[in-house]
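First comes the structure, then the notes that go with it.
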Amino acid sequence: MEFTTILQQLGDGMIKTIGIFVWTLVLSLPLGLFIAFGRMAKNRFIAVIFKIYISIMRGTPLMLQLLVVYFGPYYLFGIQLPKGYRFIAIIIGFVLNYAAYFAEIYRSGIESMPVGQYEAAKVLGYSKTQTFMKIILPQVMKRILPAVTNEVITLVKDTSLAFSLAYMEMFTIAKQIAAAQTTMMPFVAAAIFYYVFNLVVATAMERIEKCLSYYR
């Protein structure tokens with residue numbers, strides 16, 4: 001089988017892989033910030049709940065979490081879910097997992113900010129919201145960008161775990177073609193795609209980091 005033919009067969013899987021990546025990133029980044037605020041809450045009970053959540057998400061395999069999200073509603077509550085739930089379950093699993101990692105990255109960045117900046121903003125008449133949005137958050141984003149970049153690159157590779165729910169993303173299709181045609185070429189094509197995708201992501205994140213260089 002020609003390499004171009006393999007790429008054509010992988011095309012639909014590539015689109016689905018990119019879809020998992022984009023949806024996960026768009027939803028997990030803001031959710032991670034919300035979880036970070038919960039983790040840093042002054043209320044001890046709330047902080048402990050979010051700490052336990054982060055511990056579970058980071059301490060158990062993503063593949064296991066995907067299986068729980070997909071099969072849990074049926075086994076626990078007997079709920080029959082439509083076929084379209086497969087993709088929804090994948091997004092839910094990925095978002096909940098990555099939000100926990102992003103939350104800890106956010107928390108470390110926020111807590112690294114000098115207390116004097118909050119005090120100076122208060123003297124200038126800034127509210128807590130204005131202080132965070134206009135002064136703290138831009139600097140935090142600059143500090144945490146390398147760590148966020150690492151997680152985003154990992155996400156590109158982790159999209160292949162969607163195969164655990166028999167979702168026809170690129171890696172799953174590559175395995176099927178390789179088994180049917182007894183050739184390694186689909187895996188080579190998949191490897192090239194993941195590498196190029198990660199290269200594009202790394203380049204984009206590097207440009208963003210340069211744009212934030214004025215916070216040095």
Side-chain angles (χ1 to χ4, degrees), residues 10-39 50 53-54 56-70 84-110 132-133 136-165 167-174 190-213 215:
L10 291 175
D12 185 54
M14 291 177 182
I15 294 173
K16 291 181 177 179
T17 294
I18 294 172
I20 295 172
F21 171 82
V22 171
W23 277 109
T24 300
L25 208 58
V26 168
L27 296 175
S28 63
L29 283 171
L31 180 59
L33 186 59
F34 172 77
I35 294 171
F37 286 141
R39 176 71 177 81
F50 280 97
Y53 166 79
I54 292 172
I56 293 173
M57 290 295 105
R58 297 175 72 195
T60 56
L62 175 55
M63 186 183 296
L64 176 61
Q65 295 167 18
L66 290 171
L67 293 172
V68 169
V69 173
Y70 183 66
Y85 179 68
R86 192 184 304 274
F87 177 72
I88 295 174
I90 290 170
I91 299 303
I92 291 174
F94 270 89
V95 169
L96 292 178
N97 178 275
Y98 271 85
Y101 284 93
F102 286 136
E104 284 299 274
I105 293 173
Y106 284 131
R107 184 179 67 85
S108 64
I110 293 171
F132 181 78
M133 295 302 295
I136 303 301
L137 186 58
Q139 297 180 76
V140 168
M141 294 306 297
K142 166 64 179 176
R143 294 189 180 196
I144 68 174
L145 203 55
V148 170
T149 300
N150 288 336
E151 289 300 323
V152 173
I153 289 175
T154 300
L155 172 59
V156 173
K157 295 177 286 186
D158 278 353
T159 54
S160 62
L161 293 177
F163 86 91
S164 61
L165 297 186
Y167 185 69
M168 300 302 291
E169 45 73 54
M170 190 189 62
F171 181 69
T172 305
I173 295 176
I192 292 173
F193 169 78
Y194 284 119
Y195 175 75
V196 172
F197 196 178
N198 267 325
L199 187 62
V200 170
V201 169
T203 302
M205 298 300 284
E206 185 178 347
R207 291 191 173 222
I208 294 173
E209 190 170 354
K210 287 182 179 178
C211 289
L212 295 176
S213 61
Y215 284 109

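- The aromatic rings of Phe37 and Phe132 stand perpendicular to each other, their planes meeting at an angle above 60°, with 30° marking the opposite boundary.
- Scanning all heavy atoms of the two residues, the minimum distance from Ala162 to Ile20 falls at CB-CD1, 3.8 Å.
- Applying the ring pair (Phe, Tyr, Trp, His ring centres under 6.0 Å) test to Tyr53 and every residue at least two apart in sequence or in another chain returns nothing.
- For Ile15, there are no side chain to side chain contact (heavy atoms under 4.5 Å, CB included) partners, not counting sequence neighbours.
- For the atom pair OG1 of Thr17 and OH of Tyr167, the computed distance is 8.5 Å after rounding to the nearest 0.5 Å.
- Between the CZ atom of Phe87 and the CD atom of Glu169 there is a distance of 11.5 Å, given to the nearest 0.5 Å.
- Met63 is linked by a side chain to side chain contact (heavy atoms under 4.5 Å, CB included) to Leu161, Phe163, Ser164, counting only residues two or more places apart in sequence or in another chain.
- The distance from the CZ atom of Phe21 to the OG1 atom of Thr159 is 9.0 Å, given to the nearest 0.5 Å.
- For the residue pair Ala89 and Leu165, the shortest heavy atom distance occurs at CB-CD1, 4.3 Å.
- Counted by atom type alone, Gln65 and Thr60 present one or more donor-acceptor pairs between their side chains at under 3.5 Å.
- Residues satisfying the side chain to side chain contact (heavy atoms under 4.5 Å, CB included) criterion with Met168, sequence neighbours excluded, are Lys16, Thr172, Ile173, Gln176.
- Listed by first then second residue, pairs satisfying salt bridge (charged side-chain N to carboxylate O under 4.0 Å, His left out) with a partner in residues 56-69 read Arg58-Glu104, not counting sequence neighbours.
- At a threshold of 4.5 Å between non-hydrogen side-chain atoms, the residues Tyr101 and Tyr106 do not count as touching.
- Across Val156 and Tyr194, no two heavy atoms sit closer than the pair O-CE2, 3.5 Å.
- Pairs engaging residues 143-156 under the side chain to side chain donor-acceptor pair (under 3.5 Å) rule: Ser112-Arg143 [sequence neighbours left out].
- Smallest separation of non-hydrogen atoms from Leu145 and Met205: CD1-CE, 3.7 Å.
- Contact detail for Phe94 and Leu62: the closest heavy-atom pair is CE2-CD2, 3.6 Å.
- Residues Leu66 and Gly93 share a closest heavy-atom pair of CD2-CA, 3.9 Å.
- Sequence neighbours left out, not one pair with a member in residues 196-207 passes side chain to side chain donor-acceptor pair (under 3.5 Å).
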Taking only distance into account, with no hydrogens and no angle test, what donor-acceptor pairs under 3.5 Å do side-chain atoms of residues 25-32 form with protein atoms, sequence neighbours excluded?
| from | atom 1 | to | atom 2 | distance (Å) |
| --- | --- | --- | --- | --- |
| Ser28 | OG | Thr24 | O | 2.5 |

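- Remark: Tyr195 engages no residue in a ring pair (Phe, Tyr, Trp, His ring centres under 6.0 Å) (not counting sequence neighbours).
- Among residues two or more places apart in sequence or in another chain, the side-chain hydrogen bond (donor to acceptor under 3.5 Å, both in side chains) test is passed with Ser108 by none.
- The OH atom of Tyr85 sits 9.0 Å away from the OH atom of Tyr70 when rounded to the nearest 0.5 Å.
- Interatomic distance, Leu155 CG to Asp158 CG, rounded to the nearest 0.5 Å: 6.5 Å.
- With sequence neighbours left out, Ala103 forms a side chain to side chain contact (heavy atoms under 4.5 Å, CB included) with Ile35, Ala36, Ile54.
- With values rounded to the nearest 0.5 angstrom, Met141 atom CE is found 8.5 Å from Leu33 atom CG.
- Considering only residues two or more places apart in sequence or on other chains, Phe193 meets the ring pair (Phe, Tyr, Trp, His ring centres under 6.0 Å) condition with Phe197.
- Lys142 has its side chain within reach of Glu209: a pair of non-hydrogen atoms, C-beta onward, lies under 4.5 Å apart.
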